[in-house]
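In what follows, residues are counted from 1 in the order of the sequence shown. Numbering of ligands and ligand atoms starts at 1, following listing order.
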Amino acid sequence: MKKQENPENEGLLVRRIQNGTVIDHIAAGEALNVVKILGITGTTTESLSIATNVLSGQMGKKDIVKLSNRELSKEEVDRIALISPRATINIIRDYKVCEKKGVEIPDMIEGLVRCPNPGCISNTNEPIRSRFIVTPKGLHCTYCEWVIARDITSNII
Ligand SMILES: [Zn+2]
């Protein structure tokens, strides 16, 4: 007798969502950093599913993040490019992919990353958002010229 399929379990890893955003082709191991860069914490209300080390013909292994009931803005999408430039974003409405876009490395990042220089004006009590220009060498603070060359995620606010 044929085993009955359980629709609840079918494709659990990559279960379809009704509305929201699927971030695909994330570099393997970067899914949690993508979640961090999007500002999702245990106290936010998004329904989130993460699949890591999914086999991919194109990339070998990749991570996938699915967010229910949230469509990412262009600014949020482009932030992901800082850690995973090959990621693709699928906006889902009523179970269908409505929009598919790549990520572009932004020219400037505001309010996302903390300047590591303790003397930087963006680290004082002044109401100033941090601001970095993105260059191939890293993130340049526009206030103090500090450069974050690697490990951007550990400086995320
Ligand atoms: Zn600075």
Side-chain angles (χ1 to χ4, degrees), residues 13-15 17 19-93 97-157:
L13 266 183
V14 285
R15 178 154 39 177
I17 55 176
N19 294 296
T21 306
V22 176
I23 308 161
D24 198 357
H25 302 110
I26 299 168
E30 294 288 352
L32 292 175
N33 287 330
V34 166
V35 169
K36 192 176 177 193
I37 224 168
L38 294 174
I40 297 165
T41 66
T43 58
T44 51
T45 57
E46 292 91 351
S47 162
L48 177 73
S49 43
I50 296 175
T52 55
N53 294 315
V54 178
L55 289 178
S56 159
Q58 220 181 87
M59 300 172 67
K61 282 180 179 175
K62 65 178 181 180
D63 289 0
I64 302 170
V65 170
K66 295 189 172 205
L67 269 174
S68 283
N69 301 319
R70 178 165 163 194
E71 293 187 8
L72 297 182
S73 68
K74 169 90 175 129
E75 192 191 1
E76 291 172 311
V77 162
D78 285 347
R79 286 173 169 189
I80 296 167
L82 291 176
I83 55 169
S84 200
R86 294 173 69 185
T88 54
I89 313 294
N90 298 289
I91 304 291
I92 312 291
R93 289 180 199 138
V97 178
C98 279
E99 229 181 291
K100 206 176 183 118
K101 47 193 171 191
V103 294
E104 291 176 313
I105 293 176
D107 300 328
M108 193 172 300
I109 294 285
E110 280 193 77
L112 175 70
V113 176
R114 189 189 311 280
C115 181
N117 172 8
C120 179
I121 192 167
S122 68
N123 285 325
T124 63
N125 288 328
E126 302 294 324
I128 296 174
R129 293 177 91 198
S130 71
R131 194 166 67 204
F132 292 85
I133 293 171
V134 182
T135 73
K137 285 184 180 163
L139 304 183
H140 292 237
C141 178
T142 57
Y143 299 109
C144 74
E145 305 296 322
W146 194 285
V147 178
I148 304 175
R150 62 175 70 88
D151 200 14
I152 291 162
T153 46
S154 68
N155 290 298
I156 291 173
I157 294 169

| message | So, at under 2.8 Å, which protein N, O or S atoms would a careful student list around the Zn ion (ligand 1)? | response |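 C115 SG, C120 SG, C141 SG, C144 SG, with waters left out.
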[X] side-chain N/O to [Y] backbone N/O, donor-acceptor pair under 3.5 Å:
X    : Y    : answer
S130 : V113 : yes
K36  : T153 : yes
D24  : I64  : no
S68  : G20  : no

| query | Can you find a side-chain donor-acceptor pair between H140 and T135 that sits under 3.5 Å? | reply |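 Yes, T135 and H140 have a side-chain donor paired with an acceptor closer than 3.5 Å.
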| request: Check the surroundings of atom CG in D151: do more than 12 heavy atoms from other residues, nucleotides or ligands lie under 6.0 Å from it? | output: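 Yes, the 6.0 Å shell around CG holds more than 12 heavy atoms from other groups.
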